[in-house]
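Everything numeric here is computed off the predicted structure, so don't read it as measured data. So that the names make sense, note that chain A is the first sequence line, chain B the second, and so on, each numbered from 1.
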Protein chains: 2
Amino acid sequence: MQRTLVELIAAKRDGQALPAGDVSRLIAAFSAGEMADYQMAAFLMAVFFQGMSDVETVALTEAMLHSGRVLDLSSVRGFKVDKHSTGGVGDKVSICLAPMVAACGARVPMVSGRGLGHTGGTLDKLEAIDGFSTVLSSAQFVKIVDEVGACLIGQTAEIAPADKRIYALRDVTATVESIPLIVASILSKKLAEGIDGLVLDVKVGRGAFMKDETRARALAEALVRVGTQAGKKVVAVLTDMSAPLGVEVGNANETREALEVLHDRGPSDLLECTLVLGAEMLTIAGLARTTTEARDMLQGVIADGRARDVMAKLVAAQGGDSRVVNEPDRLVLAPVTVDVTAERSGVVSEVDALEVGLASVAMGAGRTRADQAVDHQVGISVLKKPGAAVKAGEVLARLHVRDAAASTEAAARVAAAFSIGERVSTPRPLVIATIR
Amino acid sequence: MQRTLVELIAAKRDGQALPAGDVSRLIAAFSAGEMADYQMAAFLMAVFFQGMSDVETVALTEAMLHSGRVLDLSSVRGFKVDKHSTGGVGDKVSICLAPMVAACGARVPMVSGRGLGHTGGTLDKLEAIDGFSTVLSSAQFVKIVDEVGACLIGQTAEIAPADKRIYALRDVTATVESIPLIVASILSKKLAEGIDGLVLDVKVGRGAFMKDETRARALAEALVRVGTQAGKKVVAVLTDMSAPLGVEVGNANETREALEVLHDRGPSDLLECTLVLGAEMLTIAGLARTTTEARDMLQGVIADGRARDVMAKLVAAQGGDSRVVNEPDRLVLAPVTVDVTAERSGVVSEVDALEVGLASVAMGAGRTRADQAVDHQVGISVLKKPGAAVKAGEVLARLHVRDAAASTEAAARVAAAFSIGERVSTPRPLVIATIR
């Protein structure tokens, strides 16, 4: 006899693994309004304590995926591959990565998010480009992926609506930090893009969602296992997010920095992160035999300008002013600058990404609630990164603001993010592990 | 800084004991609609896993108690004491106990419940008496307790409304079976009666909410600890509920049987249960020095008719036809009887209280949903109890029904409740433990 919803909640509470069919039934009942929010909340808390097997997580992923529309990219030739980052500070990788990987021959249908809390979002950054639209119809999206090679849009209401409702519930019921729930949430949205493969950038450290390497590794491994069981080619890379990635934190300034990568003028850590993730994408796409070969291809499309060409077409196709690609300075920053200087000489040992991210939110570059607008032109330039030698009085960071007087708290927060020591400590490696 | 609701849920999830003030704040927020049902559901599931300290449980009890009205019995002289049973099959103890204890000099302000699932409810049983009302104003209730010595009413919407909402949530979120939540739910309602002392009948066995003695004992101990910390005199008695209590299961027939106790014609197990619980009530009320003395007092008020006098006044004061007290046969049963007979000779080893209770529900004497009406006149007489020697063909139980043809399933269920063995096994003691 079919178990009732309450019996299914009780079974999970008591540590039973639910058959895939029961997991699907639960999500179907929730989507249909037959399972109440409070019942889902109790179920989510039970999952927090009892976990989920991979079979259950695959079933949950697929049920959430099929709660909405799955994009049909069957008309697009080539291997469709996306990258997803668990979020960080200064993480503008998608903006340079998508055109580079597309220029190498893969198709990159990328559905991105907005900033929330201390982490930024690709959509907010892209919208700093005049006219750029992240809201396209499915038909437009498919056409641009096919013709340009990449397209960057936002999640529509049609994509995994059950995930959207469950995510909102988790946020207010202290059930965010559950690995199977995180895995199903990420994968259901990504798989709804109709992709063949996915590279995950699981960030670790102060500025990341996962502060702890053990937990981050567990998440990365679960993502790879579950994604693979769902029939996709999946690789996860654990990367450091203790300090911001690159120099710029904000919106217009981050997009500008990502475009600079396409001119081979980007900061080395941002370039490296892009190459590492891009190499995995090209390898699972079968376009390169090794990641070394893939890195060469990616550097080739920077050198010969093909990545810039793809980006210019992408920006134009999405309604934006494509002149920014060759002239990134067209992205205007807020007119006032406030400098944060070193109080003493020494070597920068830490730049706390969380503090920088929170300062950026306080300045208006980010949001604390999903319905807030962001100011695209404000931001922070982190001019000294860990390992840099500095003299007392030297500029550590520069805030781009509208009003200097209103920025003292943000400046103090940025100043507090810097730790200056006596001598050089071993720098943290950017790539901590790759899980295939 | 005050923690947010989500932070409080997370703290409980992570195994922290919440300060009493935070528990109160949570219930206040829930009552005010600032904490959503889904947040409470997640919190309840977290409590299911992490438990609550006694300090937290006292705080939860008092917060739920003060979510509504606390009856003011200060004008009533004497020690106010109530009895609460965790529910069983054939448990009509309250109906004979209240007048007996009142006749001995204690005041018994009793707020009872209705039947649900396989367990019956005192209110349904009392309403089998013509005209008897269990819905009275607080003023009427206080007046009857003062003048008659006892009054039996239902829970009003004013009593512990937070408990009512939380209980409804627990029921549909698989969070019923949590000892601190059960304790707070029972005690908040009982303490809202304005009592000085409370005796708890924690039932154990097939027909009880707690099937397992270890769990039942833990519940009884928690009830005594928390109730005592809340400033009340509290005793718990663990009693057997593997077979129905007494002979009758239903409504009119149970009330009739309880009234027979007042004539000293009740079945021995029902009388014993009543005496045991009543003796604890009189002892904590300071009306008897020992439970032996208290038992003598209780048997005295049966013998001299004072318990019947109190009951007659109580029934009259609550609008009922008080002639039933001296003439219990005025409680009419359904006209048709169906007998369940022994298939073989031997000794009755088990009468499964759960099966008998479910049969009673199927016959219409109980309900599966709170909004269902009950038929007061149908019921089951369990004529052979564990330990009874029976011959093949002898009547084990008699069903009082409206329609014999429609009762074959209930009769089969009652038949299946009986186990007949070769020889007498050691009978289960009625009282398993007393926790003071």
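Residue-level contacts of residues 14-23 of chain A with chain B, in order of numbering, are A:Asp14; threshold 4.5 Å between heavy atoms. The stretch residues 2-11 of chain B places B:Val6, B:Ile9, B:Ala10 near chain A, each with some heavy atom under 4.5 Å from a heavy atom of that chain.
Here the CG atom belonging to A:Leu169 is positioned 6.5 Å from the OH atom belonging to B:Tyr38, to the nearest 0.5 angstrom.
Side-chain N or O atoms of B:Arg13 include none that pairs as donor or acceptor with a backbone N or O of A:Met45 at under 3.5 Å.
Remark: A:Arg170 engages A:Leu44, A:Ile166, A:Tyr167, A:Thr175, A:Val176, A:Leu181, A:Ile182, A:Ser185 in a side-chain contact (heavy atoms from CB on, under 4.5 Å) (not counting sequence neighbours). A search for ring pair (Phe, Tyr, Trp, His ring centres under 6.0 Å) contacts involving B:Phe49 returns A:Phe49, not counting sequence neighbours.
Across all non-hydrogen atoms, the minimal contact from A:Ala41 to B:Ala41 is CB-CB, 4.3 Å.
Heavy atoms from other residues, nucleotides or ligands lying under 6.0 Å from CD of B:Glu409 number 12 at most.
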